[in-house]
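Take a look at the structure below.
Atoms within a ligand are numbered from 1 in the order they appear, just like the ligands themselves. From a predicted model like this one, the values you see are computed outputs, not experimental measurements.
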Amino acid sequence: MFDIAKQIAENVARVRERIAAAAARSGRRPEDVTLVAVSKYVGTDEVRALLAAGCHDLGESRPQELWRKAETLGEAAIRWHLIGHLQRNKIARTLPLVSLLHSGDSLRLLEAVHAECLHMDRKVPALLEINVSGDATKHGFHHDEVEPLGDALARLDGLQFRGLMCMAGREGAAEDARREFAQLRELRDRLQTAWAGRFELAELSMGMSGDFEIAVEEGATLVRVGSMLFEGAGD
Ligand SMILES: *Cc1c(COP(=O)(O)O)cnc(C)c1O
């Protein structure tokens, strides 16, 4: 009988091996890279298979879908990552569920998130999403817009800024992706110096199914892999 859980476990193992190999190629340790399994394409059976395969960091791009899965899966030990745009009217319901907000994509949003953090009396770890490709249809801060925001971000002390996130501009364009990932790392290094003592920008969230190995070689600490984990597991 066709076994979805077995297929997903094999896919997870394969992705983990490839992460480890990419880490080794760049002199990094595999444990420095967290696999965020993006569950947005699948239902709760597949999520349970991910959990059984040891994936407890799960990514969703739509807040409503994250609410739905968090509610259905209840107690399960899951660290939810919100990786897609958060509309301001969904902040209050989403934040209590989220371990890391990857998609801190505007000052206006972050100010509203900060206000909710104060209200909840809980600090929420967050990343700044950078629009590395400059594509106007994409969310995120422009590359050279961020550094002058140090003071404004430091005032948002309901949030804990942990690093940067990006999506490569074009799928399947490996050399473009490598350049954009390197740019994100360089921006992080520059901000870490400019903002010394304010934030610890340890995290780089970059890389998806098509380019996570390149991302690891360029310093990713979080890779967001979805479709590759479900190959051969139906549809
Ligand atoms: C869907 C999504 C992913 C995963 O993409 P795959 O190519 O399926 O691995 C990663 N990051 C974000 C922001 C996404 O929306």
Between Glu60 and Lys40, is the closest basic N to carboxylate O distance under 4.0 Å? no
Does an N or O anywhere in Ser61 fall below 3.5 Å from an N or O of ligand 1? no
Would you say Met167 and ligand 1 have an N/O pair spaced under 3.5 Å apart? no
Check whether any heavy atom of Phe212 sits under 4.0 Å from an atom of ligand 1. no
Mark yes when over 12 heavy atoms from residues, nucleotides or ligands other than Glu200 sit less than 6.0 Å from its CD; otherwise mark no. no
Do Lys138 and Glu129 have side-chain heavy atoms sitting under 4.5 Å apart? no
For Leu191 and Glu147, what are the C-alpha separation, side-chain angles and deciding distance, and is it a side-chain contact (heavy atoms from CB on, under 4.5 Å)? CA-CA 6 Å; Leu191 295 174; Glu147 191 175 325; 3.8 Å; yes
Which ligand 1 atoms, with their elements, are less than 4.0 angstrom from a heavy-atom of Tyr41? 1 (C), 5 (O), 6 (P), 8 (O)
Pairs meeting criterion salt bridge (charged side-chain N to carboxylate O under 4.0 Å, His left out) with involvement of residues 49-59, two or more places apart: Asp57-Arg79
Measure Lys40 to ligand 1 on non-hydrogen atoms and call it side chain, backbone, both or neither using the 4.0 Å cut-off. side chain
Any atoms of ligand 1 less than 4.0 Å from a non-hydrogen atom of Val225? List them with their elements. 9 (O)
Atoms of ligand 1 close to Gly226 [distance to a heavy atom under 4.0 angstrom, numbered from 1]: 4 (C), 6 (P), 8 (O), 9 (O)
Ion pair Glu116/Arg88, N-O distance below 4.0 Å: no
Which donor-acceptor pairs under 3.5 Å do side chains of residues 154-164 form with protein atoms, sequence neighbours excluded?
unit_1	atom_1	unit_2	atom_2	d
Gln160	OE1	Arg162	NH2	3.0

Looking at Arg224, which atoms of ligand 1 are within less than 4.0 Å of one of its heavy atoms? 4 (C), 9 (O), 10 (C), 11 (N), 12 (C), 13 (C)
If you count the atoms of ligand 1 from 1 in the order shown, which ones are under 4.0 Å from a heavy atom of Ser227? 6 (P), 7 (O), 8 (O), 9 (O)
